[in-house]
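Quick notes on the structure that follows.
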There are 2 protein chains.
Amino acid sequence: MTTTTGARMTPQRRAVLDALCASTDHPTAAEVFDRVRTVQPGIGAATVYRTLAMLVEAGQALELSLGDGQSARYDANVARHDHVVCRDCGRAVDVETPLSPRAVRSLSEHTGFAITGYDLQFHGRCPDCTARTT
Amino acid sequence: MTTTTGARMTPQRRAVLDALCASTDHPTAAEVFDRVRTVQPGIGAATVYRTLAMLVEAGQALELSLGDGQSARYDANVARHDHVVCRDCGRAVDVETPLSPRAVRSLSEHTGFAITGYDLQFHGRCPDCTARTT
DNA sequence: TTGTATGCAAACATTTTGCAGCGTG
DNA sequence: CACGCTGCAAAATGTTTGCATACAA
């Protein structure tokens with residue numbers, strides 16, 4: 001049994017966490033890397049990847065698959081919420097979802113799965129992109 | 001203006017389509033490749049990727065991001081439906097989801113997005129995996 | 001016959017891993 | 001001062017592209 005936690009707070013980790021908390025636009029790992037670089041120019045990509053994985057593991061960030069062709073995105077908002085994604089510009093905004101617990105329970109009974117959660121993303125076009133083509 | 005459709009039915013394409021239609025387990029591109037190979041041993045991976053993209057484009061298959069770390073999966077069942085994914089074995093089963101049109105409309109009004117659809121995947125553990133650990 | 005489709009291999013993009021040295025606790 | 005963390009570069013994935021040839025229509 002390991003008693004030591006061993007998790008250290010380094011400037012790099014703080015910078016990644018800060019960058020993520022300051023973002024509301026669900027950046028990809030590459031985007032987080034770019035943002036962190038403006039503060040920690042010497043940081044390596046591997047460190048960003050490792051730190052993001054750590055944060056997800058620790059429950060301090062969410063890893064999102066928004067279903068567009070993109071890579072995984074990261075979100076410092078760990079409260080239960082869903083997303084509406086613009087199919088044109090890729091912008092994703094947070095939304096609260098009206099999925100009844102009753103429906104989930106019924107699904108669990110029908111499938112035999114022990115359901116622990118769900119991911120829901122809506123897609124369409126954002127106001128800006130809609131206006132641009134109208 | 002192009003009048004010619006230009007889409008040819010080759011043995012390879014038929015094999016990919018057949019393999020997909022015979023699958024109910026949402027295979028990844030690599031899995032489709034393996035299955036098709038048993039029928040068309042000489043087929044190349046690129047052909048499978050190209051054909052799958054074609055099918056998706058033509059609306060004959062769906063490309064799914066099930067949110068687990070996996071690659072995209074493909075589904076010949078193009079009717080609207082959602083999935084329950086086992087976090088342990090990765091198995092994904094189809095389910096019908098009761099997401100009210102009213103809720104979608106209200107979301108559209110709140111966000112200003114023109115919502116055209118949504119992807120919903122539940123996650124948990126399948127009966128088998130639950131039994132295995134109980 | 002004509003132009004599309006194929007297979008191969010190289011090119012790519014993204015993420016992970018190995019390792020020597022650095023720095024936090 | 002020990003052990004975890006870092007940056008670099010190489011490796012491992014997964015997918016796409018270029019091209020000469022094969023073949024459906």
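So you know, we letter chains A, B, ... as the sequences are listed, proteins then strands, and number each from 1.
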Exercise. When the ring planes of A:His26 and A:His81 are compared, do they come out parallel, tilted or perpendicular, using 30° and 60° as the limits?
Worked result: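 A:His26 and A:His81: tilted rings.
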Problem set entry | First encountered from the 5' end of DNA chain C, between B:Arg13 and A:Arg8 |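 The residue closer to the strand's 5' end, by nearest nucleotide, is B:Arg13.
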Expressed in angstrom and rounded to an integer, what is the separation of [X] atom [atom1] from [N] atom [atom2]?
X: B:Tyr74; N: D:dG14; atom1: OH; atom2: P; answer: 13 Å
X: B:Arg14; N: D:dC23; atom1: CZ; atom2: C1'; answer: 14 Å
X: B:Phe33; N: D:dT13; atom1: CZ; atom2: C1'; answer: 15 Å

For this session: Output yes when a side-chain donor or acceptor of B:Thr28 lies under 3.5 Å from a complementary backbone atom of B:Arg73, and no otherwise.
Result: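 Judged by distance alone, no pair lies under 3.5 Å.
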Exercise. Can you list, by residue number, the residues of residues 56-66 of chain A that have a non-hydrogen atom closer than 4.0 angstrom to DNA chain D?
Worked result: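 None, since no heavy atom is under 4.0 Å.
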Problem set entry | Residues within residues 34-55 of chain B bordering DNA chain D, heavy-atom distance below 4.0 Å |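 Correct list: B:Ala46, B:Tyr49, B:Arg50.
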For this session: Any chance you could lay out the side-chain contact (heavy atoms from CB on, under 4.5 Å) test for B:Asn77 and B:Leu62, step after step, and finish with the verdict?
Result: CA-CA 7 Å; B:Asn77 175 189; B:Leu62 293 178; over 6 Å; no
Exercise. Just checking, is any N or O donor in the side chain of B:Arg35 or B:Ser23 under 3.5 Å from an acceptor N or O on the other one?
Worked result: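 Yes, because at least one side-chain N or O of B:Arg35 sits under 3.5 Å from a partner of the opposite role on B:Ser23.
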Exercise. Got A:Pro127 and A:Arg91 here, is their nearest side-chain heavy-atom distance under 4.5 Å?
Worked result: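 Touching, per the 4.5 Å side-chain cut-off.
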For this session: List the steps and the verdict of side-chain contact (heavy atoms from CB on, under 4.5 Å) for B:Arg37 and B:Ile43.
Result: CA-CA 6 Å; B:Arg37 267 217 274 204; B:Ile43 198 171; 3.9 Å; yes
For this session: Find which nucleotide of DNA chain D each of B:Thr10 and B:Ser71 is nearest to by heavy atoms, and output the residue with the more 5' nucleotide.
Result: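 Upstream on the strand: B:Ser71.
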Problem set entry | Counterpart residues, side-chain hydrogen bond (donor to acceptor under 3.5 Å, both in side chains), relative to B:Asp88 (two or more places apart) |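 Per chain and number, B:Asp88 pairs via side-chain hydrogen bond (donor to acceptor under 3.5 Å, both in side chains) with B:Arg125.
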Exercise. Is the phosphate of D:dA24, meaning OP1 or OP2, less than 4.0 Å from a side-chain N or O of B:Gln12?
Worked result: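 So the side-chain polar atoms of B:Gln12 never come under 4.0 Å of the phosphate oxygens OP1 or OP2 of D:dA24.
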Exercise. Within 45° of the ring axis of B:Tyr118 and under 6.0 Å from its six-membered ring centre, is that where the NZ or CZ of B:Arg80 lies?
Worked result: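 Output yes; distance and angle both within limits.
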